[in-house]
A.B. asks: 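I'd like to ask you about the structure that follows.
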Amino acid sequence: ATPTHLLLCSSKVFIQRHYSSGTICKFQTKFPSELESRIDEQQFEETIQTLNNLYAEAEKLGGKSYLEGCLASLTAYTIFLCMETHYEKVLKKIARYIKDQNEKIYAPRGLLLTDPIERGLRVVEITIFEDRSIGSGR
Amino acid sequence: MKNCEYQQIDPQALPTPTPTPQPHHGNDTEKKKEPRRPRRKWEVFPGKNRFYCDGRIIVARQSGVLPLTLGLILVTSGLFFIFDCPFLVKHLTSCIPVIGGVLFVFVLITLLQTSFTDPGILPRATPDEAADIEKQIDNTGNTSYRPPPRTKEVLINQQVVKLKYCFTCKMFRPPRTSHCSLCDNCVERFDHHCPWVGNCVGKRNYRFFYTFIVSLSFLTAFIFGCVTTHLALRAQGGKGLVFALQESPGSAVELVICFFSVWSILGLSGFHTYLVASNLTTNEDIKGSWSGKSGEDVTNPYSHKNIFINCCSVLCAPMPPSLIDRRGFLPADESAQTGSADIELPTLAAKSEINVCTQGTKGLLESAALSPLLSTSCPQGKPQNAHSCPETSPALNSDPTSEFSKGCRGNHTSSSHGDTSRPRHTKARSKKCRREALHIPNPAFDVPVSPTSPDAAPDSKARSHKGGSLTPLH
């Protein structure tokens, strides 16, 4: 069988940050109109909400983070050179989550999430692919 | 009419076990045996910063008076250990050099960390993002001929905060972010640009800065006290101060330096303690953003209303990551565009063309989701489209390690000490990164690849392709 030529055209939607709770990292859950034909609003909101929760976990002020901070200050912060910080651990978790979501939910619908850390935590970039397959050549 | 550029996807370039005889596949930019040296992102960083140790150390372009600061600290402490410590150990206690030593080390380490750490620089918006924001600004119904307003208002804890648009970085600045003109970067939680440390003080290095000035106050006060005691002891017995100074000339120098600096440093420490306790930045304090000058009832929306919690949130919060990924590798096409002349063939990310036999878009996208992928931005048929530049899908750039290298990056602080341990550690971490990065599931399971080779001419534009059934662009 002669090969099919698969062509993709893409556009991007940007989910901006939501600042009503201050400077913590949180993204808007408003459903963009460009995605209406592609994915459930519910599914989208769930993804963004989970991301927001993960970032909140990364930045959470609590007993553990205070302890880490105080210990670090006692060593003149040199332990940051040796240890992976709490934030970095959660960032890895977020990267895994996004990869997982892409594989299971977004790629089958012709969408692709970009990890916000690649965009300086400014936006969640969603690339929308449109299929323009030309003939089957059979 | 849609104005799209069409690109094809090369399954041979996907990171599958398929051998790639052709040399022009771009997913091996991170391998050092490439004839073309892979470029790291710090090499093309747009701000006015300088980088050392292959991107591990970042400083502002003008080092300001950092050498002077270092010099003063080293000279004063050196004189202290040489001239005052022997006398005081003999006459008082041997704790003195120990305390002095600890303070000195603390001061030096925190100073270097403040100077060499990324203060919280925000990377500039990508062209796609910038275009998207411009579109949104233009869409806000501006019918007059005046340029559209470049501010956005948000409500933070019931307080109205204006976000300004940064023309250099092409984005709306997050709250508390300010653009430093000396470094030409937007810095998060911008406090001030400190010439004494030769760097901006922002979200990521404020705690280092605060620890530095507090420990410096202690050190200066301590040395001042010790020198005074030393001279007083020497001048006992009617010998006089002049005699004491003649015996220990170094102490005179220390006395002068400490006397003039202790007041300003103590004052600065006190001021910053107040800022920390109220969760303010120097920038906000100077501008009077929350002081209610305009008569309205404005309060600081970021304050937790509790001194202890404010202090903890500023000094003990989880250390945020550096957003600029200095040591990540550029995707191969950007390396090409930034002027490397000796690239034989364009990489996958920019131009290649492929014959694909596929079960459908979905299957391919699943595999493409995990591999370098071509994409171009194309406007969705709206008349005022401004998207133009082809760009790789960022999450899938041709070196997957950069994504993960962010998670491994821990070496954002200075290499003021222990250099032997750090490189080893970095390598260990980057090995771990690479192992993770390469653990990409085999995407080729449901994409039967055509055995035909790609066309000889790696044209990016598919319109020249055989068959002619493609609609030409625009």
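Because only heavy atoms are used, hydrogens play no part in the values below, and waters and symmetry mates are left out as well, while side chains stay in. Within every chain, numbering begins at 1; the chains are lettered A, B, ... in the order of the sequence lines, protein sequences first and strands thereafter.
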A.B. asks: Answer yes or no: is there a side-chain heavy-atom contact under 4.5 Å between A:Phe14 and B:Ile133?
C.D. replies: no
A.B. asks: With rounding to the nearest 0.5 Å, note down the distance linking CE in B:Met171 to CZ in A:Arg119.
C.D. replies: 13.0 Å
A.B. asks: Under 4.5 Å between any side-chain heavy atoms of B:Glu129 and A:Val123, yes or no?
C.D. replies: yes
A.B. asks: Quick one: pull up CZ in B:Phe212 and OH in A:Tyr77 and give me the separation to the nearest 0.5 Å.
C.D. replies: 13.5 Å
A.B. asks: Measuring heavy-atom distances to chain A, does B:Pro301 have an atom under 4.5 Å in its side chain, in its backbone, in both, or in neither?
C.D. replies: neither
A.B. asks: Which atoms of A:Lys60 are under 4.5 Å from chain B, going by heavy atoms: the side chain, the backbone, both sets, or neither?
C.D. replies: backbone
A.B. asks: To the nearest 0.5 Å, what is the distance between CD on B:Glu188 and OG1 on A:Thr23?
C.D. replies: 8.0 Å
A.B. asks: Considering only heavy atoms from C-beta outward, does the side chain of A:Leu61 approach that of B:His304 to under 4.5 Å?
C.D. replies: yes
A.B. asks: Between SG of B:Cys316 and NZ of A:Lys64, what distance do you get to the nearest 0.5 Å?
C.D. replies: 14.0 Å
A.B. asks: Using a 4.5 Å cut-off on heavy atoms from C-beta on, say whether the side chain of A:Arg122 contacts that of B:Pro123.
C.D. replies: yes
A.B. asks: Against chain B, label A:Leu74 side chain, backbone, both or neither, depending on which of its atoms sit under 4.5 Å from a heavy atom there.
C.D. replies: backbone
A.B. asks: Less than 4.5 Å to any heavy atom of chain A: does that hold for the side chain of B:Thr211, its backbone, both, or neither?
C.D. replies: side chain
A.B. asks: A:Ala72 versus chain B, heavy atoms under 4.5 Å apart: side chain, backbone, both or neither?
C.D. replies: neither
A.B. asks: So which residue, A:Gly62, A:Ser21, A:Cys25, A:Gly69, ends up with the most heavy-atom pairs under 4.5 Å with chain B?
C.D. replies: A:Gly69
A.B. asks: What I'd like to find out is whether the side chain of B:Asp132 reaches to under 4.5 Å of the side chain of A:Lys12, using heavy atoms alone.
C.D. replies: no
A.B. asks: When only pairs under 4.5 Å are counted, which of B:Leu315, B:Leu155, B:Asn157, B:Ile309 shares the most heavy-atom pairs with chain A?
C.D. replies: B:Leu155
A.B. asks: Among residues at least two apart in sequence or on other chains, which ones pass ring-ring contact (aromatic ring centres under 6.0 Å, His included) with A:Tyr87?
C.D. replies: none
A.B. asks: Go through the atoms of B:Ile121 and report whether side chain, backbone, both or neither lie under 4.5 Å from a heavy atom of chain A.
C.D. replies: neither
A.B. asks: Between B:Val161 and A:Tyr19, is any pair of side-chain heavy atoms under 4.5 Å apart?
C.D. replies: no
A.B. asks: Between B:Arg124 and chain A, which part of the residue has a heavy atom less than 4.5 Å away: side chain, backbone, both or neither?
C.D. replies: backbone
A.B. asks: Looking at CD of B:Gln159 and OG of A:Ser20, how far apart are the two atoms once the value is rounded to the nearest 0.5 Å?
C.D. replies: 14.0 Å
A.B. asks: What's the shortest heavy-atom distance between A:Leu91 and B:Pro321, and which atoms?
C.D. replies: CD1-CG, 3.5 Å
A.B. asks: Where on A:Ser73 is there a heavy atom nearer than 4.5 Å to chain B: the side chain, the backbone, both, or neither?
C.D. replies: backbone
